[in-house]
Amino acid sequence: MLPCAALRRPWKAMNETTVKTRFAPSPSGEIHLGNARTALFNYLYASARGGAFLLRIEDTDAERSRPEHAQALMQDLQWLGLGWHEGPQADGAHGPYCQSQRGAIYADFYQRLEDAGTVYPCFCSDTQLKLARKAQRAAGQPPRYPGTCAHLSPAEVSSRIAAGARPTLRFRVPRDTRVDFVDLVRGPQSFNSDDIGDFIVRRSDATPAFFFSNAIDDALMGVTHVLRGEDHLTNTPRQLLILQALDLRAPSYGHLSLLVGEDGSPLSKRHGSQSIRQLRQAGYLPAALLNYLARLGHSYSEESFATPERLAAEFSLERLGRAPARYDPAQLRHWQKEAILAASEQTLLAWCLQTLGAAPAGCDESRLSALVNLVRDNIETPQDVAAWARRLCGDLPPPAGEPECDALRGAGSAFFAAALELAQVSEPAFGEFAKAVGARTGAKGKALYMPLRIALSGAPHGPEMGRIWDWLGPRARGERLRAALDYCREVETAC
RNA sequence: GCUCCGUUCAUCUAGUGGCCCAGGAUUCCGCCCUCUCACGGCGGCCACAGGGGUUCGAGUCCCCUACGGAGCGCCA
């Protein structure tokens with residue numbers, strides 16, 4: 001299956017100035033809301049500008065990266081509707097799109113850096129470095145690489161390598177220069193290179209470090225705009241330095257404010273329930289997530305539910321906020337309700353079938369579809385639909401909750417005896433029926449409707465009574481009123 | 001510790017010197033609709049972090065303070 005048919009457009013229409021954005025996750029876990037928002041903003045920006053959205057898998061860390069995570073991540077992106085034009089499982093002239101397969105490309109650029117003398121091998125051990133950092137911190141100094149191996153002689157280097165040492169490669173950061181760039185979100189930024197220590201661009205196992213591969217690949221793949229987390233802001237000068245040394249064109253970077261948890265702390269494993277996977281399993285619709293996420297750190301003039309196309313059309317860098325945004329489940333639920341209201345019957349049917357695994361008992365697919373339509377206003381998840389199916393298809397379970405029991409008991413057996421009789425005389429519409437029950441028993445308002453609602457639907461709230469009445473049909477109505485009558489008699493004799 | 005980023009209702013946000021005694025949305029509360037709950041309609045509560053400047057005028061510009069966050073990793 002090719003991703004994102006909706007966004008596919010002729011490559012011919014693209015030229016060098018066409019926007020290309022990317023999402024470059026590392027497959028070390030499930031996508032969380034924060035990642036998803038980053039992906040979404042890149043996707044929306046590309047869409048808004050008629051550009052392309054690229055997916056690159058950053059699996060350089062063999063320890064943590066897992067192919068199954070990459071698969072899951074791509075599924076999640078597809079499910080959200082964030083298909084990519086270029087990347088794994090798609091076309092593209094700049095592959096491979098998994099960093100683990102780009103070793104030869106990186107080797108070439110390492111060679112260029114070595115030839116130019118902008119990198120040097122570093123033999124410092126992990127513990128040595130940790131110790132140095134600790135000492136610097138203790139002395140009130142910024143923890144930075146002290147430059148131990150910066151000026152080793154070629155002879156010394158080769159003798160250490162001959163002795164079996166596996167050095168890392170460090171980037172020689174020039175002293176006393178400024179690195180300036182204009183952030184797409186935050187405006188002009190300026191950093192002093194003296195605040196940056198020589199950093200590792202190649203690990204001792206010869207795999208590339210993030211700063212390096214991430215920057216190189218963006219340039220090589222023709223990425224023009226990078227929207228990424230604010231945590232990368234102070235890393236940007238490093239990447240700019242690498243690109244400059246290699247004479248590669250850097251993309252424009254924009255740093256998005258972070259998404260924080262309900263308690264204000266950054267979203268992390270701690271908030272495990274916010275992975276896209278889990279939200280999906282909990283029954284959230286992609287459209288709900290999209291509408292919610294798109295408004296976190298970005299404002300829209302329209303407060304109403306928007307299709308992905310409309311979200312894209314109105315997306316603009318100027319409307320991006322700079323302050324961190326807090327995850328708020330109440331708001332997500334709001335968009336979920338909107339998404340349910342906006343969804344087609346088929347969408348909702350598929351949604352129920354998928355998350356429930358199968359149609360609920362006593363409710364085939366066509367009946368389920370009708371049921372969903374009946375209870376559309378009253379549900380948030382497929383689980384809610386299942387609960388309504390239990391109440392409105394087949395036999396009604398006995399009253400369980402306290403409000404339910406109280407309402408039935410409060411009405412009493414005489415009430416339901418009258419209701420049962422009146423329901424059976426003809427096949428009245430609900431309005432006439434309720435009126436007749438009221439006239440016979442003297443009950444009115446809530447005292448009239450609530451017992452009927454609970455007897456007939458099993459819940460104190462739900463769709464209009466008239467619609468429930470029609471849905472049930474004469475037989476189920478009779479059975480349910482009789483069950484309520486029996487329940488009241490039982491309770492009354494027990495007293 | 002150093003460098004960088006941020007701070008408007010409980011939450012998401014509008015606001016680019018007068019249109020703001022700060023607007024919208026969500027939550028919560030109330031009223032209306034329907035002899036019922038929900039849906040819907042209407043309304044209410046609720047904010048410029050603090051202090052100094054600049055200015056005729058500051059949420060908006062500058063400085064300081066406080067608070068929060070990020071980076072300074074052979075994680076990305």
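All chains are named by letter (A, B, ...) in the order of the sequence lines, taking the proteins before the strands, and each is independently numbered beginning at 1. Computed from a prediction, not measured in an experiment: that's the story for all the values here.
In summary, A:Asp76 and A:Arg277 engage in a salt bridge, as defined by a charged side-chain N under 4.0 Å from a carboxylate O. A salt bridge between A:Lys337 and A:Glu380 is present, with a side-chain N of the basic residue lying under 4.0 Å from a carboxylate O of the acidic one. Electrostatic pairing of A:Asp470 and A:Arg467 does not count as a salt bridge here, judged by no charged N lying under 4.0 Å from a carboxylate O. Ion pair A:Arg175/A:Asp198 flagged as a salt bridge, since at least one NZ, NE, NH1 or NH2 atom sits closer than 4.0 Å to an Asp/Glu carboxylate oxygen.
Side chains of A:Ser213 and A:Glu58: no donor on one and acceptor on the other come within 3.5 Å.
Between A:Thr60 and B:C75, a side-chain N or O to OP1/OP2 separation shorter than 4.0 Å is absent. Dashed line: the shortest gap from a side-chain N or O of A:Ser299 to OP1 or OP2 of B:A14 is under 4.0 Å. Side-chain nitrogen and oxygen atoms of A:Arg203 include at least one within less than 4.0 Å of the OP1 or OP2 phosphate oxygen of B:C75. The phosphate of B:G73 has neither OP1 nor OP2 within less than 4.0 Å of any side-chain N or O from A:Arg144. Here A:Gln136 does not reach the OP1 or OP2 of B:G1: none of its side-chain N or O atoms lies under 4.0 Å away.
For A:Asp61, counting side-chain heavy atoms from C-beta on, the closest listed nucleotide (B:A76, B:G69, B:C74) is B:A76. Listed nucleotides: B:G73, B:A38, B:C35. Nearest to the side chain of A:Pro143: B:G73. Closest to the side chain of A:Lys444, out of B:C4, B:A76, B:C35, is B:C35. Of the candidate nucleotides B:C74, B:C12, B:U26, B:C12 has the atom lying nearest to any side-chain atom of A:Arg326. Side-chain atoms of A:Leu448 lie closest to B:C35 of the nucleotides B:U13, B:U11, B:C35.
The nucleotide B:C19 finds no pairing partner, because no Watson-Crick or G-U wobble arrangement with both distances shorter than 3.5 Å includes it. Across all strands shown, B:U7 pairs with B:A66; the Watson-Crick or G-U wobble distances both stay below 3.5 Å. The base-pairing partner of B:A58, taking Watson-Crick or G-U wobble contacts with both distances under 3.5 Å, does not exist among the strands shown. Across all strands shown, B:C37 remains unpaired; no Watson-Crick or G-U wobble contact has both distances below 3.5 Å. Under the Watson-Crick or G-U wobble criterion, with both distances below 3.5 Å, B:C48 has no partner in any strand shown. The partner of B:G71 is B:C2, judged by Watson-Crick or G-U wobble contacts that both fall below 3.5 Å.
Rounded to whole Å, the separation between the C1' atoms of B:G59 and B:U13 comes to 14 Å. For the P atoms, the distance linking B:A14 with B:G23 amounts to 15 Å, nearest Å. Comparing the C1' positions of B:G18 and B:A58 gives an interatomic distance of 10 Å, to the nearest angstrom. Nucleotides B:C31 and B:G68 place their P atoms 42 Å apart, quoted to the nearest Å. Rounded to the nearest Å, the gap between the C1' atom of B:G24 and that of B:A47 is 14 Å.
Across residues 370-390 of chain A, A:Asp377, A:Asn378 each have a non-hydrogen atom less than 4.0 Å from an atom of RNA chain B (numbered order).
Donor-acceptor pairing under 3.5 Å, judged by distance alone, is present between the side chain of A:Ser204 and the base of B:C74. Contact of A:Arg453 with B:U36 (side chain to base): a donor-acceptor pair of N or O atoms is detected under 3.5 Å.
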### Query
side chain to side chain donor-acceptor pair (under 3.5 Å) between A:Glu338 and A:Asn291: does it pass, once the steps are laid out?
CA-CA 9 Å; A:Glu338 293 287 326; A:Asn291 269 271; over 6 Å; no
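Residue A:Tyr145 contributes atom OH, which lies 21 Å from atom C1' of B:U3 at whole-angstrom precision. If you take CD of A:Glu404 and P of B:C37, they are 16 Å apart, rounded to a whole angstrom. When rounded to the nearest whole Å, the span between NZ of A:Lys134 and P of B:C2 equals 21 Å. A:Glu464 places its CD atom 13 Å from the P atom of B:U34, with the value rounded to the nearest Å.
Within a 6.0 Å sphere centred on CD of A:Gln101, heavy atoms belonging to other residues, nucleotides or ligands number more than 12.
Less than 6.0 angstrom separates the ring centroid of A:Phe430 from the ring centroid of A:Trp469. Taking the six-membered ring for Trp, A:Tyr45 and A:His298 have ring centres at least 6.0 Å apart. Checked against the 6.0 Å centroid criterion, the rings of A:Phe315 and A:Phe41 qualify as a close aromatic pair.
Contacts of A:Lys130 with the nucleic acid, taken as non-hydrogen atoms under 4.0 Å apart, are absent. Among the heavy atoms of the strands lying under 4.0 Å from A:Met450 are primed sugar atoms or P, OP1, OP2 only; no base atom is included.
The 5' end of RNA chain B is approached more closely, in terms of each residue's nearest nucleotide, by A:Pro324 than by the other of A:Pro324 and A:Phe430. Nearer to the 5' terminus of RNA chain B, by closest-nucleotide assignment, is the contact made by A:Arg37 (compared with the other of A:Glu338 and A:Arg37).
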